[in-house]
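The structure under discussion appears below in the form of structure tokens.
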Amino acid sequence: MTLVKEAPVRPAKKRPAAPVAGRRGRLRENLAGYLFMSPWIAGFLLLTAGPMIASLYYAFTSYNLFTPPKWVGLDNFTTMFQDPRWQKSVEVTLKYVVVATPLKLLLALGVALLLAQKRRGQALYRAAFYMPSLIGASVSVGFVWRALFSDDAVVDRAQKIFGVDVGGWIGNPDYVLYALVALSVWQFGAPMVIFLAGLKQVPQELYEAAEMDGAGPLRRFWNITLPMISPVLFFNVLLESIHAFQVFGSAYVVSDTRCGPADATLVYTCYLYQKGFKEAQMGFASAMAWTLVVAVALVTAVLFWSQKKWVHYEEAAK
Amino acid sequence: MGTSRNVERRTILKAAGATAATLGLAATTGCGGDSGTSADGTVTIRYAWWGGEPRTIAIKKSIALFEKKYPKIKIKPEFTDYEAFWEKFQTQASGGNPPDVFQNAVGFLRKYDKRGVLMDLKAQADAGNLKLDNFRNGVLANGQVDGKQIGIPVGANTMALVIDQKAFKKAGVEAKPGWTWTEYFAALQTIQDKLKIAGDTGYFGIMYLYDLYLRQNGKAFFTETGLGFAEDDVTQWWEDGYKRVKSGLVADPKKIEQAKPKSGLSAGLAASEFTWDNFSIRYEGEGDSDYGLAPIPTTDGKNTGQYLGSLMLSAFSGTKHPKEVAQFIDFMVHDPEVGKIMGYDRGILATTEQYDAFKPADAQNKGVAAYEDQVAKAGVLGKITPHPSGADVIEAAFLRIGAEVAQGKTKPADAAKALFSEAKAAFAG
């Protein structure tokens, strides 16, 4: 990934030369740096890089955790692509990403626009909207969601007022995924905060000038706000889609650990987990994991490529 | 972990800051977690089980009794629910660090025997540390695989039909011994006509019930190495099931799903449900009707296909304290006091000592005992069919695919095909 053009950064002021002159000084400084980093480096090597390399190897083996892994070449990948449940998990995940990400970002942007205006109790509102993101990942929220969207529960009763009767979302394979989407959208706080920061960066003169030229609020949003915050928007799109690809906890809890009913919430990671930890097919699970890594990398690459067309950086505007 | 650790630790303790680090190191370098022998000769063994809170309370009481009787043996309990238990166990066992003693079931015997995790307890029995006598109704055989005794039953249970007695009475239907499937489904129809509720919560997704049906027809769900039925058999089973969901004889699977963790029966979604007889105790607490046990429908008016299943205790083949492990298992399955504490939580008590010691006082436990007595007297009990390695994966697949059929998401024929292809992979693993 080559992100050379970063979000607007002010040119750093020239600082006087560092007091510790000479090679030895620099060496000592570097050493200190590495020393401070060492917990992180050790953690990275032991907990991230090591397992990743091991999993890359397992992806080409048949490994049931008990007998030593047996090299099978690309077998895991060929069986995976032909596996109807794997196909289903890809389908479910894509559906989730495509629906949940834009909805979440839309809501985040909408609320950020409202909260960017100066009003009394602003801090309170911001905190209130951000709160769900803090507790969102917890298992208990999954249970709460299950309770909210079940048959004859709050959501179901509210729907019935409007004459819609689907009998609860949780047990219905056609709806249950949208309960997960709702859970994700509800946690829009993190992208909202980033949008807020972006909105603050937009120079007020631009709005004033546009207003003088007779541009209405919609026009101003479309021609000023959106282009000006497009780097932030890009960042959020990128982060949120990567997150969405990795959804697991909510699907696992809401569907009572089975990622169903009828595999309706069988998101990619859920199937991966089942294969690895329930069926003890670690080779297959590793192959799935690496396929996900590659897929997410591809999506990221496409997004980076597309940013040329819609992301505006300050230097280009000048 | 060596015996010298205590001495070392005492000196190190002075440097308080270092203690935490040492303990952390000890935990990572020690091979058996906390299982070990301490300086005064006290042995610690780990015991793991799955189950609800009442079981955990009862087992902890039993452990306290054991530790009083054997002061040199300490038991370290580990417990979770069923799903989490086997996920955790698999990881622990593959890392060579499973609990010394653990609860087990027939679906996992061959799987973990094949992987060398289970201890053959015969040697310990020969050494006099564990008694293999006094097991009721030949239930000890449930823990045997290829001539090895790798599980010791703690209880016996059999499949039953749990009925909402009020609903059955109101509809005027009676569940009688020897009734046929046709009569059962006719009863469901009557219940639906008269009470406007479904009769059954979803019989066709239960692997153990389908096993009984197959056994009534001279087959079985499992052979020693694979499946004991054909794709056509299960296609038919699911087609009939789906038809009954559509017609409302069987409860809407969407509602059943949402009632969880409550059962469909106690949630009032249907009037009957097939399950293991010892599970029936939960319904009274969950629902507001009266529940009772009824006989399994038959094909020929006689043979129910039933057998006594059981939960067992198994031991890790690599335990450092085989003698103490055997003594503990012996205590847990034979001690009358333990029988009194445990009751029928894990099925009817497996040994005569415990069975005689526990006299159920409440209607549910009495009902379970009476039911198993009745089944044993009817002479319908067969031998348990062996479960090959991979059976646990197939049970989960059967439940899942059955649910897809019920939801109308998969056609029965495709579902059967999927089950067979998943079974092939599971047996190979």
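Quick caveat: nothing in here was measured; it's all calculated off a predicted structure.
- Proximity to chain A (any heavy atom under 4.5 Å) is restricted, for B:Tyr112, to the side chain, taken from C-beta onward.
- Proximity to chain B at a heavy-atom threshold of 4.5 Å picks out A:Tyr252, A:Ser255, A:Asp256, A:Thr257, A:Arg258, A:Pro261, A:Ala262, A:Asp263, A:Tyr273, A:Gly276, A:Phe277 from residues 252-277 of chain A, in numerical order.
- Other residues, nucleotides and ligands contribute only 12 or fewer heavy atoms inside 6.0 Å of the NZ atom of A:Lys95.
- No more than 12 heavy atoms of other residues, nucleotides or ligands shown are found within 6.0 angstrom of CG on B:Asp288.
- At a 4.5 Å heavy-atom cutoff, the contact between B:Ala93 and chain A is made by backbone and side-chain atoms alike.
- Closest of all the heavy-atom pairs between A:Ile170 and B:Gln258 is N-OE1, 3.5 Å.
- The CG atom of B:Asp252 sits 8.5 Å away from the CG atom of A:Asn172 when rounded to the nearest 0.5 Å.
- Between A:Leu65 and B:Gln90 the shortest side-chain heavy-atom distance falls below 4.5 Å.
- No more than 12 heavy atoms of other residues, nucleotides or ligands sit less than 6.0 Å from atom NZ of B:Lys417.
- Contacts between B:Ile401 and chain A at a heavy-atom distance below 4.5 Å are absent for every atom of the residue.
- With respect to chain B, the highest number of heavy-atom pairs below 4.5 Å among A:Arg85, A:Gln281, A:Glu279, A:Arg146 belongs to A:Arg85.
- Both the backbone and the side chain of B:Glu87 come within contact range of chain A, judged by heavy atoms closer than 4.5 Å.
- When all heavy atoms are compared, the tightest approach of B:Gln407 to A:Pro173 is OE1-CD, 3.0 Å.
- Around NZ of B:Lys411, the count of heavy atoms belonging to other residues, nucleotides or ligands within 6.0 Å does not exceed 12.
- Residue B:Val405: no heavy atom, backbone or side chain, is found under 4.5 Å from chain A.
- Contact count versus chain A (heavy atoms, under 4.5 Å) is highest, among B:Lys88, B:Lys409, B:Glu422, B:Lys114, for B:Lys409.
- Contact check on B:Lys255 versus A:Asp152 returns no salt bridge, with no Lys/Arg side-chain nitrogen under 4.0 Å from an Asp/Glu carboxylate oxygen.
- The side-chain heavy atoms of B:Arg115 and A:Asn64, taken from C-beta on, include a pair separated by under 4.5 Å.
- Heavy-atom neighbours of A:Phe77 CZ from other residues, nucleotides or ligands within 6.0 Å: above the threshold of 12.
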